[in-house]
Colleague: 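Sharing a structure here in structure tokens format.
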Amino acid sequence: MDTAIKKVELSLPEMDMALLKELAEKYGWSIGKKKSGIQKGLDDIKAGRVHKAKNAEDMFKQILG
């Protein structure tokens, strides 16, 4: 029996998520949700993981030292 783990991306209607979750629970699968780049950026802002610069020159000074 092949026990290798395979990751897949699946697009389905929201109304079918309950069925997918039920199947995942029954078979011991795990379901993860990937955040978009915009959502990751918004999360960074909320968590305070931002840097402020006066202009591009100031930004490069902060980055390169």
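All values below were derived from every heavy atom in this structure, side-chain atoms included, with hydrogens, water molecules and symmetry-related copies excluded.
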Colleague: If a pair satisfies side chain to side chain donor-acceptor pair (under 3.5 Å) and one of its residues is in residues 36-46, list it, with sequence neighbours excluded.
Modeller: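 Matches after skipping sequence neighbours: Lys35-Asp43, Gln39-Asp43, Asp44-Arg49.
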Colleague: When the side chains of residues 14-28 are checked against the rest of the protein, which donor-acceptor pairs come out under 3.5 Å, sequence neighbours left out?
Modeller:
none

Colleague: Please list all pairs passing the side chain to side chain donor-acceptor pair (under 3.5 Å) test where one or both residues lie in residues 55-65, with sequence neighbours left out.
Modeller: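 Found Asp58-Gln62.
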Colleague: Keeping to residues at least two apart or across chains, list the ring-ring contact (aromatic ring centres under 6.0 Å, His included) pairs with something in residues 46-65.
Modeller: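 ring-ring contact (aromatic ring centres under 6.0 Å, His included) check on residues 46-65 returns no pairs.
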Colleague: Which other residues belong to the hydrophobic cluster containing Ile45, where Ile, Leu, Val, Met, Phe, Trp and Tyr are joined when side-chain heavy atoms lie under 4.5 Å apart, directly or via other members?
Modeller: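 Traced through the cluster, Ile45 reaches Val50.
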Colleague: Would you mind writing out the side-chain donor-acceptor pairs for residues 4-13 within the sub-3.5 Å range, not counting sequence neighbours?
Modeller:
none

